[in-house]
Amino acid sequence: MTTVGLIGGTGDLGTALAVHLSKKHRVMLGSRTLEKVKSVVNEIVIEKNRDYIRQNLEAAENHTVVKESDFLILTVPHENARGTISSLANDFRGKQILVSAVAAVAKIEDEFVVDLASSREISFAETIKQLVPESVKIAAAFQTIPANVLYKEKEISADVPIAGESREVYDSVASIVSEIQGLRPLYLGSLRQAGEVERLTALLLNIGRKNGLKSPTIKFTSF
Ligand SMILES: NC(=O)c1ccc[n+]([C@@H]2O[C@H](COP(=O)([O-])OP(=O)(O)OC[C@H]3O[C@@H](n4cnc5c(N)ncnc54)[C@H](OP(=O)(O)O)[C@@H]3O)[C@@H](O)[C@H]2O)c1
């Protein structure tokens, strides 16, 4: 059983991933505030009413989550990604995988736009790579998955493009992604590709909003 940690896990994406990943793993839901995350875990336990969630889902401060997890997922807003990882940099113990789910999306008037400004114009995943010990391996994934659909456990069929430091890192992330029914991991390439997937969210949200498509995601076809 892997310990999966969700940094900033109290939001939409963190709670959605926690519901699915606690089927097979110990899941530590992280927050800056212990009281807040305890209350969020309590709400999930009551709402979902499943034994595995009661047994496997724990509340913790982000610092504890980073110290204790083998596999971490960063689920904070993009404006806070750099600051959050900087403040946790001393808590990493190495030989961990850190997946950034951070999407480079901001809103201007009624449109979504790509916003890489706070990552200094390289991808958030590459920025984060520079902040953690070398032994922590980085990937980017989940940017195109609508959290509300996952949380409600609606039927989903979606692809999850994954950029990772190496094929081995991709394989580890792909194995976690495949545990969520309906998600298909796809190898996008090295961390240099992370920006491509981080930018897709603005496209999806605009297509959804302007064409009346609820919770759009991506699914590749080939002929
Ligand atoms: N929502 C989606 O459907 C979706 C899908 C794919 C990717 N994403 C990406 O995943 C990330 C999380 O999305 P979300 O919708 O779950 O976000 P969210 O609900 O807005 O925020 C997630 C958590 O981030 C923490 N946070 C907020 N402000 C912070 C700050 N100033 N410093 C540190 N932590 C802060 C909060 O946790 P605490 O207050 O408990 O610390 C909050 O519960 C984003 O980067 C988003 O682009 C989202």
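Atoms within each ligand, like the ligands themselves, are counted from 1 in listed order. Only heavy atoms go into these numbers, but all of them, side chains included; no hydrogens, no water, no symmetry mates. Computed from a predicted model, the values in this text were never measured in an experiment. The first residue of the sequence shown is numbered 1, and numbering continues consecutively from there.
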Side chains of residues 96-104: which donor-acceptor partners sit under 3.5 Å, not counting sequence neighbours?
| residue | atom | partner | partner atom | Å |
| --- | --- | --- | --- | --- |
| Q96 | OE1 | R93 | N | 2.9 |
| Q96 | OE1 | G94 | N | 3.2 |
| Q96 | NE2 | V66 | O | 2.8 |
| Q96 | NE2 | S69 | O | 2.9 |
| S100 | OG | V102 | N | 3.2 |

Would you mind writing out the side-chain donor-acceptor pairs for residues 169-176 within the sub-3.5 Å range, not counting sequence neighbours?
| residue | atom | partner | partner atom | Å |
| --- | --- | --- | --- | --- |
| Y170 | OH | P185 | O | 3.4 |
| S172 | OG | E168 | O | 3.2 |

TODO: Enumerate the protein residues lying less than 4.0 Å from ligand 1, judged by heavy-atom distances, in chain and residue-number order.
DONE: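 Near ligand 1, by chain and number: G8, T10, G11, D12, L13, S31, R32, K36, T75, V76, P77, H78, N80, T84, A101, V102, A103, F142, Q143, I145, P146, A147.
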Got a list of side-chain donor-acceptor pairs under 3.5 Å for residues 28-37, not counting sequence neighbours?
| residue | atom | partner | partner atom | Å |
| --- | --- | --- | --- | --- |
| S31 | OG | T33 | N | 2.9 |
| S31 | OG | T33 | O | 3.1 |

Open item on the list: Between the side chains of R209 and E111, is the shortest nitrogen-to-carboxylate-oxygen separation below 4.0 Å, so that they form an ion pair?
Closed with: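 Looking at R209 together with E111, the answer is no, because their closest N to O distance does not fall below 4.0 Å.
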Open item on the list: For E179, is there an ion pair with K23 - N to carboxylate O distance below 4.0 angstrom?
Closed with: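 The answer is no: the pair does not qualify as a salt bridge.
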- [ ] Verify the distance criterion only: is there a donor paired with an acceptor across the side chains of E198 and H78 at less than 3.5 Å?
- [x]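 There is no such pair (donor and acceptor under 3.5 Å, judged by atom type) between the side chains of E198 and H78.
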